[in-house]
Number of protein chains: 2
Amino acid sequence: MGLREPVILPHLQDCGSCTIRHRAVCARCDSDELARLEQMKYYRSFQAGQTVIWSGDRMDFVASVVSGIATLTQTMEDGRRQMVGLLLPSDFVGRPGRSTAAYDVTATTDLLMCCFRKKPFEDLILSTPHISQRLLEMTLDELDAAREWMLLLGRKTAREKIASLLAIIARRDVSLNPRRSGLIVFDLPLTREEMADYLGLTLETVSRQVSALRRDGVISLEGKRRVTVNDFDRLLEVAGDDSDGGYPV
Amino acid sequence: MGLREPVILPHLQDCGSCTIRHRAVCARCDSDELARLEQMKYYRSFQAGQTVIWSGDRMDFVASVVSGIATLTQTMEDGRRQMVGLLLPSDFVGRPGRSTAAYDVTATTDLLMCCFRKKPFEDLILSTPHISQRLLEMTLDELDAAREWMLLLGRKTAREKIASLLAIIARRDVSLNPRRSGLIVFDLPLTREEMADYLGLTLETVSRQVSALRRDGVISLEGKRRVTVNDFDRLLEVAGDDSDGGYPV
DNA sequence: GCCCTGCCTTGATGCAGATCAAATGGGAAC
DNA sequence: GTTCCCATTTGATCTGCATCAAGGCAGGGC
């Protein structure tokens, strides 16, 4: 599906430090590499709504999300916007070998990022193949997610789009906070407009289709943001996904 | 734009052999690695229309396109189809670390692929960091292309979509066959239906919009497939692209 | 020459979602 | 409490593209 399932390594919660180590390096730990990463890292924090970087700006760092949510969006001259990625904790942003940002990166919640200046990071990549292999895996996951999203954008109906997005968020939420009960409850991390930008819809259509899913009993709403998924299989069915709805690994 | 500009290395034409060396290895050549790749490669050819592999099938090889064009498509149970990638000569297909195909791969023209069994290829990657670095670059390019295509699918009109596709093909054609004259002429490598599957449209809409661009003088047609771009800047303008329409590198 | 087949074009109509517009409601500041 | 603000909902209408339905046309087999 469009949003990749974050790979939450089991020891993530135990480590208050920068998560890039877990995603990019820890899998094949080496204390020397870790030390070098540790040494060059620095933190940046942003408030909800703040822009991290504008498309086209010089970008002399790479980073990973420690906490909060950021979005990648593209904008046409006339203002039409399309979100092309959602950055969750442990996700990586920035492109070794490119010096300008290709997308607007915006904090949708308060955001903490762990950054590395690009040049030394690139040097580290050159000398430690583990890291580029890890980055390759992550990038391939993102590519799969982007292609899954292309199917959604090109061929799904508004109702299917909404159900797909809810299913993704629900699944991610379950993996982050394993359930006691059978019901899945979560807070939408996006406004209706942000959902629209992600799904290639207008905010009015998003609102209408969310209401329709509520009327049909697929979900329940508490306030505008808190969603209860009454029947996850039904949600997947509405989303038009394959039986498992899962992400091939 | 959606289709990445193929990186045509200058010596590509001079080498009749498998192109993966140029994309994945040659940039930082090492005769030993080349010899190992050379040793394990084998060729497979397909006729136009043939399916290379179905989504979900076991895929025990990776490959690069030597000649011809292949497509990556996803299909929903009810038959809705979305093309998510177009493979041109020198493009790579297959995913180290995954054992099943994620998409249908189909030859749209006669196709020759240079294949490597997955296991030994993965072993080679582990021992030669150059290759995973090269694969990372290629994958990042594909990711950018996929995200550009998300903007097209989510926010562009039918007319803009057609113009965008024509602009991409035209630009690729220019880079492959440098022009003598100012006019760009090429044969469409896709049927109307394939264009529709790529653009998230129906084939009727594709046909109508191509005709409209012809009526408006943006392009000329000779038969159904041969296209002349009368004014490339005008085409880019219709496509709704940024001034250069180019691909950030 | 003929017909057949696949691809493409063109026309008529319908509808999902966009657009325009107004109302609702909840939270924060006071 | 009241007011303001802004996200959201809801309603009315419009429209771009899909859908349904006929042709047209070029190439290949005979």
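Chain identifiers are assigned alphabetically (A, B, ...) following the order of the sequence lines, protein sequences preceding nucleic acid strands; residue numbering begins at 1 within each chain.
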(request) Identify, with sequence neighbours excluded, every residue that meets salt bridge (Lys or Arg N to Asp or Glu O under 4.0 Å) alongside Arg192(A). (result) none
(message) List the residues meeting salt bridge (Lys or Arg N to Asp or Glu O under 4.0 Å) with Arg226(B), not counting sequence neighbours, and say none if there are none.
(response) Asp187(B)
(message) Please tell me if Ser207(A) has a side-chain N or O lying less than 4.0 Å from either OP1 or OP2 of dA7(D).
(response) no
(message) Nearest whole Å is fine: how far is dT10(C) C1' from Arg214(B) CZ?
(response) 11 Å
(request) Can you run down the salt bridge (charged side-chain N to carboxylate O under 4.0 Å, His left out) pairs that involve residues 48-68 of chain B, sequence neighbours left out, and say none if there aren't any? (result) none
(request) Could I get the full list of side-chain hydrogen bond (donor to acceptor under 3.5 Å, both in side chains) partners for Asp231(A), not counting sequence neighbours? (result) none
(message) Output the rounded distance in Å from CZ (Arg80(B)) to P (dA18(D)).
(response) 13 Å
(request) For Asp110(A), check salt bridge (Lys or Arg N to Asp or Glu O under 4.0 Å) against everything at least two apart and list the hits. (result) none
(request) Taking all non-hydrogen atoms of both residues into account, name the closest pair between Leu111(A) and Val52(A) and its distance. (result) CD2-CG2, 3.8 Å
(request) Not counting sequence neighbours, which residues clear side-chain hydrogen bond (donor to acceptor under 3.5 Å, both in side chains) with Thr51(A)? List them please. (result) none
(message) Strictly below 4.0 Å: does Arg225(A) bring a side-chain N or O up to OP1 or OP2 of dT8(D)?
(response) yes
(message) What is the distance, to the nearest angstrom, from the CG atom on Leu203(A) to the P atom on dT8(D)?
(response) 8 Å
(request) Check side-chain hydrogen bond (donor to acceptor under 3.5 Å, both in side chains) between Ser211(B) and all other residues, then give those that pass, not counting sequence neighbours. (result) none
(message) Enumerate the salt bridge (charged side-chain N to carboxylate O under 4.0 Å, His left out) contacts for residues 202-219 of chain B, please, sequence neighbours excluded, ordered by first and then second residue.
(response) Arg159(B)-Asp216(B)
(request) Using the test salt bridge (Lys or Arg N to Asp or Glu O under 4.0 Å), find all partners of Arg44(B) that sit at least two apart in sequence or belong to another chain. (result) none
(message) Distance check needed: dA7(D) P versus Asp197(A) CG, whole Å only.
(response) 13 Å
Polar pairs (N or O, both sides) under 3.5 Å between protein and nucleotides 20-28 of chain C?
unit_1  : atom_1 : unit_2    : atom_2 : d
dC20(C) : N4     : Glu204(A) : OE2    : 3.2

(message) Using whole Å, what does the distance between atom C1' of nucleotide dC8(C) and atom CG of Leu190(B) come to?
(response) 15 Å
(request) Calculate the interatomic distance between Leu188(A) atom CG and dA7(D) atom P; express it in whole Å. (result) 15 Å
(message) Applying a 4.0 Å non-hydrogen cut-off, can you work out what Thr191(A) is touching in the nucleic acid: base, sugar-phosphate, or nothing?
(response) sugar-phosphate
(request) Quantify the bending of the helix from dG1(C)-dC30(D) to dC30(C)-dG1(D) as the angle between its end axes, each fitted on five pairs, to 10°. (result) 30°
(request) Report the distance from atom CD of Glu194(B) to atom C1' of dC7(C), rounded to the nearest whole Å. (result) 11 Å
Check nucleotides 14-17 of chain D against the protein and report each pair of N or O atoms closer than 3.5 Å, with its distance, or say if there are none.
unit_1  : atom_1 : unit_2    : atom_2 : d
dC17(D) : OP1    : Ala158(B) : N      : 2.8

(message) Could you check whether atom CD of Glu193(A) has more than 12 heavy atoms from other residues, nucleotides or ligands sitting under 6.0 Å from it?
(response) no
(message) Using whole Å, what does the distance between atom C1' of nucleotide dG17(C) and atom CG of Leu199(A) come to?
(response) 13 Å
